[in-house]
Amino acid sequence: MNPVVFIREKREGKKHRREDLEAFLLGYLRDEVPDYQVAAWLMAAFLRGLDAEETLWLTETMARSGKVLDLSGLPHPVDKHSSGGVGDKVSLVVGPILAASGCTFAKMSGRGLAHTGGTIDKLESVPGWRGEMTEAEFLERARRVGLVIAAQSPDLAPLDGKLYALRDVTATVESVPLIASSIMSKKLAAGARSIVLDVKVGRGAFMKTLEEARLLAKTMVAIGQGAGRRVRALLTSMEAPLGRAVGNAIEVREAIGALKGEGPEDLLEVALALAEEALKLEGLDPALARKALEGGAALEKFRAFLEAQGGDPRAVEDFSLLPLAEEHPLRAEREGVVQEVDAYKVGLAVLALGGGRKRKGEPIDHGVGVYLLKKPGDRVERGEALALVYHRRRGLEEALGHLREAYALGEEAHPAPLVLEAI
């Protein structure tokens, strides 16, 4: 395999052979192919595209570039992925529901970056909770509890990590085949038999339009099915934040409330829809999801999960273990009906407060965040609080500015549906 000839093939829009693609990429992983040649290929692939077979080959090469977990001996191994959003604490609700319904929910999760939050960051709000673990610990907790969420392991799909870092600095991130293969390589390596995908659409999502989200979802489903997995995708709205809480500790509080049956209706709707799809993929009764939630089994599973990973299980009852910063209300400057709450701007507000990170590795404040008292469709009087801002003075004025821009009031509102499409 000649790297120059290989790059030229894609530059001219030709299709690669599988063995050439593997040789080129694994050569890069071993530092035998230099990054400038891979950068040239990434740009050619970005501009010329990859067909369905090439995308599957790329994904499988990345998945097999490190450890591949074997969950086949565990009952009904399932995984879930979200394409990122604002207030998206769905994994904290779906995981316990599925584990309490007879599945093994074993998931590798990431940290937040920019305006989107990360599941690991949220869970680290719980005193003592730890996401870093060995492969043996991961499998033991999956077997014993049925629910484990771990920080992304560098041993899992290492080629993806190396390629993503290069895409980030060569303006080649926004390519559907490259995005889909990056996501699915980690899902394949994590070993689940059934994978449910939550592809967000709207202002607070990576995919702004239904057409973009549909293409990404179809590409990921095709990859999963091509690799012999059961995959289903739901397109869900991210015009407004999901739930009312946006932050870290405050989102864990809301997720616990949801597991007690007290959570916001939109969060419960999306969580149950995803859980039901996963159960159907595994040939189980989708009604088990609501039964696990309403009967309290999902809450007990979440408590056991926290304890298994070093967290204080008392946080389920005692929210003083999930402390919040100083509270400041955002008040309405006029009366009206909330027409929209821009998810992206709410995410920027939490970022300004220190609840997110602008660069990888930055520390974050788990106690800051925003609680939305009013959402689309709600009526508000002049001077009434629209939201509560939890802050430590840092970035408060900037955050309030973003939130004022996020809220749009009018005479009436027509909130859009949450679950837009299934693929």
query: Is there a donor-acceptor contact under 3.5 Å from the side chain of Asp266 to the main chain of Gly243?
result: yes

message: Is the shortest side-chain heavy-atom distance between Thr219 and Thr55 below 4.5 Å?
response: yes

message: Checking Leu210 against Glu421 for the side-chain contact (heavy atoms from CB on, under 4.5 Å) test, could you report, in this order, the C-alpha distance in whole Å, the side-chain angles of both residues, the deciding distance, and whether it holds?
response: CA-CA 9 Å; Leu210 194 58; Glu421 205 168 300; 4.2 Å; yes

- prompt: At what distance, to the nearest 0.5 angstrom, does NZ of Lys162 lie from CZ of Arg167?
  reply: 15.5 Å

- prompt: Does any N or O in the side chain of Ser185 come within less than 3.5 Å of the main-chain N or O of Ala63, such that one atom is a donor and the other an acceptor?
  reply: no

query: Can you tell me if Arg244 uses its side chain to pair, donor with acceptor, with the backbone of Leu373 under 3.5 Å?
result: yes

- request: Taking the side chain as every heavy atom from C-beta outward, state whether Val201 and Ser237 have any atom pair closer than 4.5 Å.
  value: no

- request: Count the heavy atoms of every other residue, nucleotide or ligand shown that sit under 6.0 Å from CZ of Arg30, and state whether that count exceeds 12.
  value: yes

Nearest-0.5 Å distance that lies between atom CD1 in Ile183 and atom OH in Tyr164: 9.5 Å

query: Where the side chain of Glu251 meets the backbone of Gly247, is there a donor-acceptor pair that is under 3.5 Å apart?
result: yes

query: Is the backbone N or O of Leu74 less than 3.5 Å from a side-chain atom of Thr104, with the two atoms forming a donor-acceptor pair by type?
result: no

- prompt: Where do Ala217 and Ala233 come nearest, in terms of heavy atoms and distance?
  reply: CB-CB, 3.9 Å

field: Cation-pi, Tyr344 ring and Lys208 (6.0 angstrom, 45 degrees)
entry: yes

field: CD (Glu265) with more than 12 external heavy atoms under 6.0 Å
entry: no

message: Please find the pair of heavy atoms, one from Ile120 and one from Ser109, that lie closest to each other, and give the distance.
response: CG1-O, 3.6 Å

- request: Output, in order, the C-alpha distance, side-chain angles, deciding distance and verdict of salt bridge (Lys or Arg N to Asp or Glu O under 4.0 Å) for Glu307 and Arg303.
  value: CA-CA 6 Å; Glu307 192 166 18; Arg303 184 185 279 108; over 6 Å; no

Salt bridge (Lys or Arg N to Asp or Glu O under 4.0 Å) evaluation trace for Arg357 with Asp121: CA-CA 11 Å; Arg357 52 176 68 85; Asp121 293 323; 2.8 Å; yes

Sub-4.5 Å side-chain heavy-atom contact between Leu267 and Lys89: yes

message: Just verifying a value: how many Å separate Leu188 CG and Thr59 OG1, rounded to the nearest 0.5 Å?
response: 7.0 Å

Backbone N/O of Leu386 and side chain of Tyr407: donor-acceptor pair under 3.5 Å: yes

Gap between atom CG of Leu242 and atom CD of Glu269 - 0.5 Å precision: 9.5 Å

task: Verify side-chain contact (heavy atoms from CB on, under 4.5 Å) between Arg230 and Arg193, making sure each step is shown before the conclusion.
output: CA-CA 6 Å; Arg230 305 166 185 171; Arg193 177 171 59 200; 3.6 Å; yes

task: May I ask you to establish whether Lys80 and Phe105 are in a cation-pi arrangement, using a distance under 6.0 Å from NZ or CZ to the six-membered ring centre and at most 45° from the ring axis?
output: no

- prompt: Do Val38 and Leu163 touch side chain to side chain, with heavy atoms closer than 4.5 Å?
  reply: yes

message: Can a donor-acceptor pair be found, under 3.5 Å and without considering hydrogens, that links the side chain of Asp20 to the backbone of Arg17?
response: no

Residue pair Asp160 / Ser182, side-chain donor-acceptor N/O under 3.5 Å: yes

field: Steps toward salt bridge (Lys or Arg N to Asp or Glu O under 4.0 Å) verdict (Glu277, Lys280)
entry: CA-CA 5 Å; Glu277 291 297 340; Lys280 284 189 275 189; 3.5 Å; yes

message: I'd like to know whether CZ of Arg314 has more than 12 heavy-atom contacts from other residues, nucleotides or ligands below 6.0 angstrom.
response: no

message: Whether Lys10 engages the ring of Phe24 as a cation-pi pair (distance to the six-membered ring centre under 6.0 angstrom, angle to the ring normal within 45°) should be assessed.
response: no

message: For the CD1 atom of Ile149 and the NZ atom of Lys122, what is their distance to the nearest 0.5 Å?
response: 11.5 Å

- request: Flag yes if more than 12 heavy atoms outside Arg290 fall under 6.0 Å of its CZ atom; otherwise flag no.
  value: no

- request: Evaluate side-chain contact (heavy atoms from CB on, under 4.5 Å) for Phe305 paired with Gln309, printing each intermediate quantity in order.
  value: CA-CA 6 Å; Phe305 152 75; Gln309 293 188 216; 3.1 Å; yes

- prompt: Would you call Val252 and Ile250 a side-chain contact if the rule is heavy atoms closer than 4.5 Å?
  reply: no

field: Pair Arg203-Glu340, salt bridge (Lys or Arg N to Asp or Glu O under 4.0 Å): steps then yes or no
entry: CA-CA 11 Å; Arg203 289 186 184 91; Glu340 61 183 53; 3.2 Å; yes

field: Chi angles and distances behind the side-chain contact (heavy atoms from CB on, under 4.5 Å) call for Val221, Lys218
entry: CA-CA 5 Å; Val221 168; Lys218 286 182 174 179; 5.8 Å; no

query: Taking the side chain from Glu60 and the backbone from Trp57, do they hold a donor-acceptor pair closer than 3.5 Å?
result: no

- prompt: Which of these passes side-chain contact (heavy atoms from CB on, under 4.5 Å) with Asp88: Leu92, Val90, Val86?
  reply: Val90

field: Heavy-atom closest contact (Lys345 atom, Ala406 atom, distance)
entry: CB-CB, 3.8 Å

query: Any side-chain heavy atom of Pro264 sitting closer than 4.5 Å to one from Glu254?
result: yes

- prompt: Has Lys14 got more than 12 heavy atoms of other residues, nucleotides or ligands less than 6.0 Å from its NZ?
  reply: no

Glu9-His16 side chain donor-acceptor pair, cut-off 3.5 Å: yes

- request: Report the distance from atom CD1 of Ile97 to atom CG of Leu293, rounding to the nearest 0.5 Å.
  value: 4.5 Å

query: Hey, does the side chain of Lys301 reach the backbone of Val145 with a donor-acceptor pair shorter than 3.5 angstrom?
result: yes

- prompt: Can you name the nearest heavy-atom pair linking Ala325 to His391, along with the distance?
  reply: CB-O, 3.2 Å

task: Mark yes or no for whether Asp285, through its side chain, and Leu288, through its backbone, hold a donor-acceptor pair below 3.5 Å.
output: no

- request: Compare every heavy atom of Ser101 with every heavy atom of Leu284, then report the nearest pair and how far apart it is.
  value: CD1-O, 4.2 Å

- request: Can you see which heavy atom on Leu147 is nearest to which on Ala99, and at what distance?
  value: CB-CB, 3.9 Å

message: In the structure I gave you, are the side-chain heavy atoms of Tyr371 and Val246 within less than 4.5 Å of one another anywhere?
response: no

query: Does any donor atom in the side chain of Ser153 or Lys67 lie under 3.5 Å from an acceptor atom in the other side chain?
result: no

task: Taking the side chain as every heavy atom from C-beta outward, state whether Phe302 and Val316 have any atom pair closer than 4.5 Å.
output: yes

